[in-house]
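Reviewing the structure listed below.
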Amino acid sequence: MLAIMGLDPRANHEPALLDFDTVSFVGLDGATILEGVTLGILEGQVSVVAGPSGAGKSTLLRLGNRLEVPTAGAVRFRGEDLGLSDPRVLRRNVGMVFQKPIPFAGTVRSNLKVADPVANESELGNVLQRVGLDSSFLDRVADVLSGGEAQRMCIARTLLTKPAVILMDEPTSALDPKNRLGIEALARELANEGIGVVWVTHDLDQAHRIADRIHVLVDGRNATASETSLYLAQDTPEVGT
Amino acid sequence: MNATTIGWAGLVGSFALVAIAIALSFWQRLHLTRSIVWASARAAVQLLLVGIALRLVLDSKASVWWAWLWVIVMIGFAGFTIRGRAKEVPGIFVLGTLSMATVVVVSLSVIFGFHVFPVEGRTIVPLAGMMIGNSMTACVLVGRRIVGELSDKRDEVEARLALGLSWQDASRPYVRSALRTALVPQIESTKAVGLVFLPGAMTGLVLAGVDAVDAVTVQLAIMYLVLGSVATSVTVIGLGLTRRVFTPDHRLRLIVRASH
Ligand SMILES: Nc1ncnc2c1ncn2[C@@H]1O[C@H](COP(=O)(O)OP(=O)(O)OP(=O)(O)O)[C@@H](O)[C@H]1O
Ligand SMILES: [Mg+2]
């Protein structure tokens, strides 16, 4: 069953793992980027956050990983305000995967060890297997991986922190269609393992393929019911970026 | 010691060289005559004033406190100079001044603690000046470099933070590379010294009539001192600046880069 938030407000009543509660965010230049956004991320589900470019989707994810702090409202993980917890612990519970793969200098092994310095070879091999790579990648130099391999490695790196929620900001926008489907399938597997997956996209076909729920943002706020149906009914969805 | 001075006549004589520069400017229509005259006159006035003041400070009968006051003023000027050359670096004036002060305290404690030189105005002022001058350049370099690295590698730094690393761990590879960049030229020039160029202190001593081997020992002591000072100041700037670029709750601040 696909719940489309804004169309069916009642679907939001289960207790959320990660909860954005009337969150506002004002940028350094004084511009309001988010205004009173409310949405909940449930465990074991793929929650898609969709909306036009500049709607504030990336900013919302950055608030979830505490790379930004809300100007008003609260973000809560398992009911606890993010402002009250150690950001280093929180960020391992609420992991983040960025739009472009960001390999660090060195091998895949050294990349993974940034996330977990004490991981042993079998743990490293297992996490690579989970993202569809294998342990032969461990000694490869990370910056020369293909886009799809690099993004998988970045997901593996985040998985090593054993997150309960994983925030993915347009994780397939830099990938070809085949790799795009591969990462989508991976997101589904992670949700099946119980992780709350947040997936930002403005590819509506993709949103419909993977979402358990879709939240639409416009102009930094929750879309109204009519805006949501209008946005989702576009027959020429922006694909890719 | 048979000290060499050039006297006022010598100074006027050396001004003939400025006349050559002026003549060249006329001949090639460089329109630099005014600049050349102004620069030479300004240098003469500035240095003479400094010389007169130094004579008072360095006078063996003068209290050594005048020398320390002189050092404090030098530290302040160094702070301003660093800020002028690294405007895009946040808080560089305070950090620069602080690191110059650290360098002076640490190095002079070592020098005077081990009785390398006697504690006199005549040693305090030039030694402090030498260390501040060299450290200043390195501080500008490392400050700009750290801000440059952390803003160029912003994505990587945030990806590290996002994995739960502290700001210290997230920034370490980039800060380390900036520190190396600032220190390596100093180490290289220490290696090449004597083979490629004769350093300033030694040149000055030899010109003033000091025995070459005596000049070398003084120069060596100074070079080690400079190397230590540069390393100290660069580290102070590196640690202080990195702390400022992050918030206490491990977020990377937006760093505004001034256009050059
Ligand atoms: N730190 C910031 N300071 C000021 N403005 C910002 C900041 N970060 C983002 N913005 C602005 O906030 C708005 C929302 O940006 P955001 O990146 O969150 O949108 P988005 O929905 O992810 O867009 P896209 O689909 O293009 O990625 C944009 O207008 C952007 O220019
Ligand atoms: Mg975005």
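Proteins come first, then strands; the chains are lettered A, B, ... in the order of their sequence lines, and each starts at number 1.
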Next on the checklist: For a quick test of reading the model, state the closest non-hydrogen atom pair linking Phe98(A) to Ala159(B) and the distance between them.
Outcome noted: CE1-CA, 3.7 Å

Checklist entry - Is it the side chain or the backbone of Pro103(A) that comes within 4.5 Å of chain B heavy atoms, both, or neither? => result backbone

Can you pull out the donor-acceptor contacts between chain A and chain B, under 3.5 Å, including backbone atoms?
residue  : atom : partner   : partner atom : Å
Arg62(A) : NH1  : Glu158(B) : OE1          : 2.7
Arg62(A) : NH2  : Glu158(B) : OE1          : 3.3
Arg62(A) : NH2  : Glu158(B) : OE2          : 2.9
Arg66(A) : NH1  : Asp249(B) : OD2          : 3.0
Arg66(A) : NH2  : Asp249(B) : OD2          : 3.1
Arg91(A) : NH1  : His250(B) : O            : 2.8
Arg91(A) : NH2  : His250(B) : O            : 2.9
Arg92(A) : NH1  : Leu163(B) : O            : 2.9

Next on the checklist: Tell me whether Glu184(A) at atom CD has more than 12 heavy atoms from other residues, nucleotides or ligands lying less than 6.0 Å away.
Outcome noted: yes

Checklist entry - Leu67(A) versus chain B, heavy atoms under 4.5 Å apart: side chain, backbone, both or neither? => result both

Item to check | Heavy-atom pair count under 4.5 Å with chain B, highest-scoring of Val94(A), Val97(A), Leu167(A), Val69(A) | outcome: Val69(A)

Checklist outcome for this item: Checking heavy-atom separations under 4.5 Å from chain B, one finds in residues 123-135 of chain A none

